[in-house]
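Have a look at the structure below, then the notes.
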Amino acid sequence: MPKRFGRIIKNIFKTFAQVNREKATGMLDFELKELENIFALLILGGFVGLPSPPSPIAIELLPYMERELIVLLSRSDLSHDPLGVLASMLEID
Amino acid sequence: MRDNIFFLGKGGVGKTTVSSAFAMALARRGSRVLAVSLDPAHNLGDALQTKLNGEPKKVEPMLDALEVDLAYWVDRYLEDSKEELKANYSYNSALNLDSFFGILKYSPGTEEYAVLWAIEDIRRRLAPQYDFVVFDTPPTALTLRFLSMPAISGLWVAELTKLRERILRDRQTIVRLNPQSPVAESCVDKEDDKVYGKLKNIRTRLTSLQDLFAKRSYMSIIVNPDELSVSEAIRIKDELSQLGIMLSAVCLNKKGLSRAEWTLSPEFGQLPLLICDFAPNGISTREDLVHIGIEPFIDLFLGKRYVKNE
């Protein structure tokens with residue numbers, strides 16, 4: 001019984017530490033996603049009329065950019081309310 | 001050593017004639033020469049009276065020639081990229097690729113890049129077998145675009161590399177603080193990141209092409225005794241100097257075609273001037289090429305004798 005209790009306490013602390021880690025990296029994660037989004041937009045922008053490097057460079061990089069493309073698509077889903085996304089990230093009600 | 005010779009100039013000034021005469025005369029002096037046509041509207045084969053294709057074909061004992069097939073290079077490049085993409089993406093992300101890549105063939109910049117890939121391949125695979133590679137270029141617009149491509153693309157690649165480094169730095173910080181973050185599944189080191197590796201590879205290739213044009217090429221501009229070709233030559237000279245590419249010589253082709261008074265613009269005063277005579281009876285055989293007065297040009301190029309611009 002005390003062993004089980006110890007394990008529960010340990011798990012509570014573990015979860016608590018993980019929540020803090022998630023909170024600590026939340027802002028950085030947001031910035032990272034923005035950077036990845038910008039990177040994808042810069043490379044693939046030519047296909048939607050944005051200034052971009054010559055398309056052969058984009059084609060060379062495209063095979064390794066699956067993650068960036070997924071970020072780009074998910075970012076476009078959130079683009080109708082960018083302030084809302086930022087507010088929720090900063091925990092502003 | 002400047003072992004690549006490029007002949008530039010306005011359409012119709014005689015780039016193919018002079019470059020084929022130059023390549024032939026150089027080969028007859030005992031050097032192994034490869035003549036390459038980069039012009040999509042090839043006529044190097046007509047000038048050398050040999051049917052040419054994308055691989056070197058023997059024209060004379062020391063002279064081989066080829067005509068770059070730009071469509072082949074575009075197709076090959078897109079096909080390679082498509083295969084790479086299929087190998088790296090999950091199945092449903094790579095659906096309908098054929099139609100996407102079919103359109104990319106007509107994307108701006110592709111033709112210029114095809115010229116660069118062809119030059120890169122010639123330098124890597126074929127050039128070691130020859131002493132000199134003589135390039136007959138397309139008319140001014142395409143030539144300037146492909147010569148400027150390494151510098152312009154280099155700027156883009158430098159900025160993209162900086163951005164990628166920042167992304168990798170952020171990923172490293174996140175993974176260090178929170179090893180269970182989903183970011184840990186993506187690449188965090190420069191050595192493992194394929195995008196970073198590819199950017200580095202593109203940069204190396206572009207720098208090597210830029211060096212080839214600026215430091216290892218003998219750029220020769222061809223003019224006719226008329227105002228139009230000279231005005232265009234001045235524009236080419238200005239554009240090239242912005243790219244750090246300096247002209248090595250001016251060749252006045254078809255001298256005697258017109259009786260109107262004509263002097264070469266002072267912009268070219270510092271460069272050696274070579275003169276090729278107008279052939280009133282036309283150039284109908286390969287042998288006629290050696291009689292247009294190309295020998296002083298070969299002497300100058302090989303450094304035996306300098307012709308002053310007077």
Side-chain angles (χ1 to χ4, degrees), chain A residues 10-78 89, chain B residues 74 77-78 80-90 93-94 100-101 103-104 107-110 112-114 116-117 149 152-153 155-157 159-160 163-164 166-171 173-183 185-187 193-199 201-202 205-206:
Chain A
K10 205 174 162 189
N11 278 342
I12 288 171
F13 273 107
K14 247 185 171 176
T15 311
F16 185 68
Q18 186 58 33
V19 167
N20 276 332
R21 277 198 202 104
E22 297 283 345
K23 268 192 169 178
T25 56
M27 186 73 96
L28 208 52
D29 201 45
F30 183 78
E31 186 193 278
L32 174 67
K33 284 209 170 75
E34 276 303 299
L35 287 175
E36 285 174 334
N37 185 31
I38 291 166
F39 189 79
L41 267 179
L42 273 177
I43 287 173
L44 305 170
F47 302 114
V48 289
L50 290 173
S52 67
S55 51
I57 290 185
I59 297 165
E60 279 203 48
L61 294 170
L62 204 57
Y64 308 108
M65 287 183 51
E66 194 176 21
R67 179 184 152 86
E68 283 77 7
L69 282 178
I70 292 165
V71 170
L72 182 75
L73 289 173
S74 67
R75 271 331 211 205
S76 67
D77 286 346
L78 300 172
M89 222 268 310
Chain B
V74 172
Y77 180 72
L78 289 178
D80 287 352
S81 297
K82 195 163 78 181
E83 289 310 311
E84 230 171 327
L85 205 140
K86 272 183 185 166
N88 288 315
Y89 278 30
S90 57
S93 304
F100 178 65
F101 275 86
I103 295 165
L104 282 179
S107 173
T110 310
E112 291 84 331
Y113 260 87
L116 293 181
W117 299 320
M149 205 48 106
I152 296 167
S153 304
L155 290 174
W156 269 102
V157 172
E159 288 308 311
L160 289 172
L163 185 56
R164 195 72 197 171
R166 214 174 133 193
I167 288 173
L168 291 174
R169 261 200 316 272
D170 275 10
R171 281 186 189 170
T173 313
I174 291 173
V175 172
R176 210 171 40 241
L177 293 173
N178 182 11
Q180 287 175 39
S181 162
V183 176
E185 286 166 24
S186 52
C187 296
D193 187 46
K194 284 190 175 171
V195 176
Y196 186 80
K198 197 77 192 173
L199 281 169
N201 171 273
I202 296 173
R205 281 162 47 207
L206 291 174

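Just so it is clear: chains get the letters A, B, ... in the order the sequence lines come, proteins before strands, and each one is counted from 1.
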(request) Take Tyr64(A) and Asp193(B) through the side chain to side chain contact (heavy atoms under 4.5 Å, CB included) test and state the conclusion after the steps. (result) CA-CA 9 Å; Tyr64(A) 308 108; Asp193(B) 187 46; over 6 Å; no
(request) Quick one: pull up CG in Leu199(B) and CD1 in Ile43(A) and give me the separation to the nearest 0.5 Å. (result) 6.5 Å
(request) Look up atom CD in Glu36(A) and atom CZ in Arg171(B), then write down how far apart they are to the nearest 0.5 Å. (result) 4.5 Å
Winner by heavy-atom pair count (cut-off under 4.5 Å) against chain A, out of [options]:
options	result
Arg169(B), Met149(B), Arg164(B)	Arg164(B)
Tyr113(B), Tyr77(B), Trp156(B)	Trp156(B)
Thr110(B), Leu206(B), Ile202(B)	Ile202(B)
Leu160(B), Val183(B), Asp80(B), Leu155(B)	Leu160(B)

(message) I'd like to know whether NZ of Lys198(B) has more than 12 heavy-atom contacts from other residues, nucleotides or ligands below 6.0 angstrom.
(response) yes
Can you tell me which portion of [X] sits under 4.5 Å from chain A's heavy atoms? Options are side chain, backbone, both or neither.
X	result
Ile174(B)	both
Leu78(B)	side chain
Val157(B)	side chain
Arg176(B)	neither

Where is the tightest heavy-atom contact between [X] and [Y], given as atom of each residue plus distance?
X	Y	result
Trp117(B)	Pro56(A)	CZ2-CB, 3.9 Å
Leu163(B)	Leu35(A)	CD1-CD2, 3.8 Å
Ser186(B)	Arg67(A)	CB-CD, 3.7 Å
Ser153(B)	Pro54(A)	OG-CG, 3.5 Å

(request) Find out whether Thr25(A) and Ser181(B) are in side-chain contact, i.e. whether some heavy atom of one side chain is under 4.5 Å from a heavy atom of the other. (result) no
